[in-house]
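Proteins come first, then strands; the chains are lettered A, B, ... in the order of their sequence lines, and each starts at number 1.
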Protein chains: 2
Amino acid sequence: MTGIVQTKRLLSYRMALLRLKKMGLKKAYSHTLSEETGVSAVLIRKDFSQCGIRGKRRGGYDVDYLLDELKKLFGREKEQNVVLVGLGNIGSALIKYEGYRQSNMNLVAAFDIDPAKRTRRYSVPVYSLENLREVADAFDVSVAILAVPEFSAQETAHYMVENGIRGILNFAPVLLKLPGHVLVNNINIMVEMERLMYHIGIREK
Amino acid sequence: MTGIVQTKRLLSYRMALLRLKKMGLKKAYSHTLSEETGVSAVLIRKDFSQCGIRGKRRGGYDVDYLLDELKKLFGREKEQNVVLVGLGNIGSALIKYEGYRQSNMNLVAAFDIDPAKRTRRYSVPVYSLENLREVADAFDVSVAILAVPEFSAQETAHYMVENGIRGILNFAPVLLKLPGHVLVNNINIMVEMERLMYHIGIREK
DNA sequence: TAATAAATGTGAAATTTGTAACAATAAAAT
DNA sequence: ATTTTATTGTTACAAATTTCACATTTATTA
């Protein structure tokens with residue numbers, strides 16, 4: 001069977017469309033989106049087609065319609081509450097980030113082991129991880145961002161899962177070993193940096 | 001033709017191996033690495049095989065040998081100098097990050113448009129972007145991290161390329177339109193978060 | 001209104017990626 | 001020394017992904 005559409009691509013279309021809409025465009029063509037996302041125009045059409053999203057021949061796609069359809073696919077009706085665990089370098093960046101809303105998410109709390117970090121400096125409260133269960137229950141949180149140091153990532157993740165977390169965006173450079181029902185999405189910034197350098201090196205030759 | 005090995009995977013093997021080595025292991029089996037990286041053992045063996053890396057049947061792979069071979073593939077002999085452009089949330093996290101060395105990189109300077117950010121607070125100097133050429137020449141920098149806001153990303157990237165940058169790790173959620181010789185690697189944290197939520201949603205059903 | 005041009009939509013082909021099965025080998029056990 | 005077991009290495013296969021070619025439709029122009 002062909003064609004399990006990659007969510008990453010659809011999400012990148014959505015992002016591009018939001019940009020285009022902000023610029024006032026009403027119509028989008030597959031080749032427009034191709035320029036914006038780097039995905040080939042045919043593939044974009046095929047993705048849409050497979051998701052039941054139709055355009056008009058020669059007329060392109062209606063931007064609002066596309067965004068609506070993508071929202072049907074991705075838009076959780078309810079805004080999702082998320083928490084952040086670890087206020088090191090990356091964690092401190094993410095607690096200050098203000099774009100969660102745009103993705104229909106809401107950061108409701110952060111956690112850190114260091115009491116000194118548990119100040120009111122930020123726009124959300126910072127607790128000890130012991131309070132995770134409480135917060136998760138109160139705000140119906142099942143997804144968390146994990147931004148603790150490598151050495152404590154596994155243990156922390158385990159604790160999080162024990163207290164209601166079912167999805168983790170993991171910035172620690174380790175494969176978390178967790179029960180099968182837990183979903184993990186890894187972001188490894190240094191690996192991405194090395195990839196870039198590697199490919200630059202190749203080009204030189 | 002089959003089998004262009006994904007650099008991402010090889011880099012994840014390398015990371016796992018560094019961890020295992022730190023734990024004192026001398027030998028690694030494909031299934032060990034599989035547990036550490038989440039990649040299937042067969043594929044790991046195939047990847048190694050395709051890169052000319054050989055183990056001993058029933059004896060597994062020698063950790064130091066593996067790391068050496070991976071270093072031959074990825075290790076730039078010279079340490080590579082990199083710069084950071086933009087000291088917002090993410091940029092501030094990355095200027096404080098201390099793991100560049102481990103990947104044989106060296107952050108030599110950062111740049112921000114806001115003079116208030118150009119303090120000596122950090123372990124590397126912060127300049128106006130006008131000084132990029134100068135720094136790039138002096139330190140032979142061709143790779144940069146771009147962590148400016150979305151609206152200025154394209155313009156900034158363009159300027160960077162005009163001043164010697166050939167590789168960009170881009171945190172802004174836009175596809176940069178740059179000359180063909182420039183390599184860009186995108187990291188879009190919110191897309192990754194949405195992917196996670198989407199897949200969690202699917203599971204619920 | 002006819003002709004032309006510019007878009008979508010899609011089945012088939014090509015490519016890429018991953019898995020399965022199993023041969024080959026070396027270590028360990030008997 | 002022989003047998004068993006665990007591991008690599010490889011070939012053939014399967015699945016997934018992407019591109020190609022082109023039919024189809026719709027807008028525009030002459």
Could you give the side-chain donor-acceptor pairs of residues 102-112 of chain B under 3.5 Å, partners two or more places apart or in another chain?
| from | atom 1 | to | atom 2 | distance (Å) |
| --- | --- | --- | --- | --- |
| B:S103 | OG | A:E194 | OE2 | 2.8 |
| B:N104 | ND2 | B:R76 | O | 2.7 |
| B:N106 | OD1 | B:R101 | NH2 | 3.2 |
| B:N106 | ND2 | B:N81 | OD1 | 3.2 |
| B:D112 | OD1 | B:D114 | N | 2.8 |
| B:D112 | OD2 | B:L87 | N | 2.6 |

What nucleic acid atoms does A:F48 come within less than 4.0 Å of, heavy atoms only: base, sugar-phosphate, or nothing?
-> nothing

Between the side-chain atoms of A:K46 and the base atoms of D:dT19, is any donor-acceptor pair under 3.5 Å?
-> yes

For A:L183 and B:I200, the nearest pair of non-hydrogen atoms, with its separation, is CD1-N, 3.6 Å

Mind checking what makes ring pair (Phe, Tyr, Trp, His ring centres under 6.0 Å) contact with B:F48, not counting sequence neighbours?
-> B:Y13, B:Y61

For the pair made of OH in B:Y65 and C1' in D:dT8, what is the distance, rounded to whole Å?
-> 12 Å

Which residues share a side-chain hydrogen bond (donor to acceptor under 3.5 Å, both in side chains) with B:K71, sequence neighbours left out = none

Expected list for residues 126-138 of chain A: side-chain donor-acceptor pairs under 3.5 angstrom, two or more places apart:
| from | atom 1 | to | atom 2 | distance (Å) |
| --- | --- | --- | --- | --- |
| A:S128 | OG | A:E130 | N | 3.2 |
| A:R133 | NH2 | A:E162 | O | 2.9 |

Any chance you could list the contact pattern along nucleotides 21-29 of chain D? Use B for base contacts, S for sugar-phosphate-only contacts and - for none, protein heavy atoms under 4.0 Å, 5' to 3'.
-> B-BBBBBS-

Pairs where residues 169-185 of chain A contributes a residue and the test salt bridge (charged side-chain N to carboxylate O under 4.0 Å, His left out) is met, not counting sequence neighbours | A:K177-B:E36

Ignoring backbone atoms, establish whether A:S49 has a side-chain N or O less than 4.0 Å from OP1 or OP2 of C:dT10.
-> yes

To the nearest angstrom, the CG-C1' distance between B:D62 and D:dT8 comes to 15 Å

For B:N185, side-chain hydrogen bond (donor to acceptor under 3.5 Å, both in side chains) partners two or more places apart | A:E192

Starting at CG of A:D47 and ending at P of D:dT17, how long is that distance when rounded to a whole Å?
-> 10 Å

Give every residue pair that meets the salt bridge (charged side-chain N to carboxylate O under 4.0 Å, His left out) criterion with at least one member in residues 84-95 of chain A, sequence neighbours excluded.
-> none

Strand-adjacent residues in residues 9-40 of chain A, judged by heavy atoms under 4.0 Å from DNA chain D = A:R9, A:S40

